[in-house]
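This report concerns only the one structure given below.
Protein chains get the first letters and strands the later ones, always in sequence-line order, with residue 1 at the start of each.
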Amino acid sequence: MKTPKSQSCRGGMFRRSLFAASFAVAAVTSMATAYVSPARAAEKGSLIIGIDETASEYWAEYTQGAQDIADSIGTKLTVITSNYQGAQLLAQLGAIYATGCSKCALATDPSSNAFVKAVVHRSAVAQVPIVTIWNRPENIHPWDTDPKYWVAHTSFDGVMSGYYQMTALCKALGGKGQIAAVEGVPSTPPAYQRIQGLHKALAECPGVKLLDTQVGDWQETKSQNIVRTWIARYGDKLNGVFASNDAMARGAVAALREKNLNGKVFVTGSDGSKVALDMVKSGDMLVTVWNDPVLQGAVSISLAHAAAVGDIDPEKLTHAQRDFYLKQEVVDKSNVDQYLALKANAPKYTYDQMKANFWKDSAGQIPVGANK
Amino acid sequence: MSAFRGTGRAEGFDLAVALRRFVPISVLVLLLGASAIVAPGTLSFSALTGFVSDAAPLLILVIGSTMPILTGSIDLSVAGIASLTGVLVVQLAPIFGPWTCLVVLLIAIAFGALQGFAHAWLQIPSFITTLGTLSMLSGLSLLLSNATAQPLPDSDPFITLLSNTTFGIPNTGYAVIVVVALLALLMRYSRIGRDLFALGAGERTAVMSGVRTIRVRSFAFASSAGCAALAGLALVSVTEFSSPTLAGNLLLLSIVGVVLGGTAISGGVGGLWAGVIGGLITAWLRVATVLIGVAPTAQYIVFGIMALIAVGLTTDRGKIGVIK
Amino acid sequence: MKLVAKAGEVPGQPASRSLRFPARPGRWLQSIGPVAVLVVLALAFQLASHNFLSPGNLAAIAEAVAVPVILATGLSFVILLGAIDLSLEGVMATSSMTVALLAANNVNGHHWGIWAIVAALGVGVVFGAFNGVLNTYFRMPSLIVTLGSWFIGLGIASVLFPSQVPGIRDPIVLGLASTQFAGLSLIVFIAVAVLAIFHLVLNYTHLGRMIYAVGGGEATLVATGLRVPLFKLAAFMISGFLAALAGLLLSAQLGDGNADIGNGLLFPAVSACVLGGTLLSGGRGGAIQSAIGAVILEVLNNGLIQIGAGPYVRNIISGAVIVTVVAISGLHLRRKLRIVK
């Protein structure tokens, strides 16, 4: 009884001291990193962006746009990542604000509609101006919820995106055929807006029938599995796939490629990612809808910064200036080269350029009911 | 080898064993101290109260999850219950009015008890039982809410209570204390406390000495589900919106929290206090990466490594025979 | 779940049963349950949609189930020990980024060809070894070790991610998915081969027998002086290796590297093992059983799309089926198994 116990204890002590040593090393290293790290939040006038994930082309480009603005005014950009978890975003914002933050500005995706109010409120309490992107519940707006600090909300028109895609599908099919749709994460506005746009265009294209709609959660592999099942189920009857974003369009094309159907069954997507542009060029995809994340990053953080330094007074802005869509374009084979060139050499935005007119690229106020 | 709680106890005072109990809290203090040096201001009153309100849902989840884990089972459905709670509050408010939250809590507790009963009586492993129910719960949340975020009813008294502060401290912080106190009293003054540990430490022995497995397991899962529902309420008291995916990855964080406090995943070792400390460490690790300015791409790596090191420090291997 | 066998217990029955391994009469009986479920589900879906058993749809199921089968096979090794490996998704993410960045691609100048594949698979073995060493030599519970390496794997993939999705251009890597025999892609045959090989490893090698034995009663085995940690280490490395293979094959299928590639595949893999009759407490089950479990889940997935069930209802139904099947197939064990955690 006694022997194994004490042995395990001695072994335990050894291992524990090993752990303690490594922990101390880790703590010291991380502190050292912190001292040399340029991305500290506490500096004056620093810019903060909250993104959903780092391993994504879209968010890398969004960060690039915000970084351009930070460079142009000579300040630091702090990037926090929620990994699609609103609770995590809130906690991390709380930590940043706790260390003190004057003239900071925040642009963030609140990760889902449910966290918008909490994120805005948290920033307002810390007196940090905030611009939200993508997610906003229907019944709250920058002018009625913490209006002094919630500067603006900006997004891309999901209904129009879906409408553009479906219209292109209808045209390519000559107004006759069957399609199926893959939806994004159902609780996010772009997901249901794009499907709404699909139905709007479908009503104007009576010869095309929507066979099925399934949820692909924005993911490539899920979409691939769904489309594979559709091919087996509908065979020749499937003439087109409406994918709510480019990643799912990639999954759809991968599934079609297995049966050598790529290019024969039309696939549409949205976002304008590099791979999608390449596939539009090669003919694997029919269209994608170009949303410019670099521009979105530049516009959203500039607006927040302008409010932080007093270049604009949020409460004097019009509703159309505080709740607006950015322009988006349909990309098909005819104009794809132009966007590939833009992708290769994104313009480097500056704050002064943005300040000249923050709403130069606005596509108008977000209509009532868009976020229902 | 005695199967019951800690072999150290039978051998009188042992300095190493006594010291062990303070490892988790030392880790917490070390973390707090390190952050205070790196980012002065993190230990200010307002920063700490903010931290408490962000950490409360996770803390309550961790405390709840500790109960099944003490018996050697595991409850993977907690985040699903927390998300569904918010959705149910919105759906049931028109029917139950001011009593909605209470009703939802009771539903959750009943569900948990049923889940524990099914797992123990049918002898289905808890991992798979609760994995199955997790899938069902998330489907149900999506279905009931039609996959949208919905605003909570304005006047719900319980949620208003949770969202307020008393003496500058968020009421969700007091909720944590109440939960711990309630469970601690129950475990101290009824058989259930001893039985929980007995089951976890050596089920065969426990069964032979008259512990009623099914009853104890039902209790453990009922309390974890109840805590999960309360955590869900604490979350929606901050967001003011319900959503079918509200609690998201809190499941993984809550398991990390349980283990970081020194509770053995195999059961029989640990307790409520361990849950509180573990939950605090986890909540702090979640923000530490931001505080010390880790590049966002490296966040996951740093979190993973810090969690592993912390677990290495806080797990008392001396009390566990075979590690799986 | 019984993640840990208590040191004080004498694992009588299970250990002796698994040590008597090669001739186990009860084995076929045990796998009849899951197969019956599979047949019933397939017939039900065929009645409901008339298209379910068409060659085209069966091929679609085979394509979709290939990767889950590989994952479930690897996971079986760890679960048979009575341990668990939660790091699959992290390993897949890292292996996917590794192969996409080292094979010919449109982001950097590397063109390692076959060595990119080797590197991606090596990543999995390293992860497995990391898990195994922490679990056996540092005596940390596998649940928490592999939870940590799950995060680390996702993190490494994020760090590796270049600013745009890396598209794979290497013909060898792409060939894994695009090469077809008899209307099925090479991936399906790889999955079958993996299943066959690792089934043999489990049943006809010393390593396999020892893995069953460890799951049946580790404490007794340690007492006999066998080098238990080595077997456990090997099991984790196999699981990591096969997870990396799964990440590699999915990347080949999609033609790009993706940090989210394993998203949502872990829990179905665990469910597959349990559905097929592999016990989480270890010692019983096997690769074939787990593979059958994976097929059941995919049949459910495919069939529910075929009959047009809504996406939310799909979650509810598959959850219910998992619990019900496991409950029913465990009924005959109820009395024997006094302890289920």
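Listed here is the closest heavy atom pair of B:Gly257 and B:Val62: C-CG1, 3.8 Å. Nearest heavy atoms, B:Thr263 versus B:Ala274: OG1-CB, 3.7 Å. Nearest heavy-atom pair across C:Pro166 and C:Met97 is CG-CE, 3.9 Å. Of all non-hydrogen atoms in B:Ser138 and C:Asn315, the two that sit nearest each other are OG-ND2, 4.2 Å.
Of the listed residues (C:Val313, C:Ile156, C:Leu275, C:Ile317), the one with the most heavy-atom contacts under 4.5 Å to chain B is C:Ile156. Counting heavy-atom pairs closer than 4.5 Å to chain C, the top residue among B:Leu76, B:Leu131, B:Leu140, B:Val256 is B:Leu131. Counting heavy-atom pairs closer than 4.5 Å to chain C, the top residue among B:Thr133, B:Leu142, B:Thr213, B:Thr130 is B:Leu142. Chain C forms more heavy-atom pairs under 4.5 Å with one residue of B:Leu252, B:Val259, B:Ile255 than with any other, namely B:Leu252. With respect to chain B, the highest number of heavy-atom pairs below 4.5 Å among C:Val321, C:Leu86, C:Val274 belongs to C:Val274. Between chain B and the residues C:Ile322, C:Val145, C:Val159, C:Leu160, the most heavy-atom pairs under 4.5 angstrom are made by C:Val159. Heavy-atom pairs under 4.5 Å with chain B were tallied for C:Leu154, C:Thr136, C:Val228; the largest tally goes to C:Leu154.
Considering only heavy atoms from C-beta on, B:Ile74 comes within 4.5 Å of C:Leu143 through its side chain. The closest side-chain heavy-atom distance from B:Leu253 to B:Leu250 is below 4.5 Å.
For C:Phe236, no part lies near chain B; criterion is any non-hydrogen pair under 4.5 Å.
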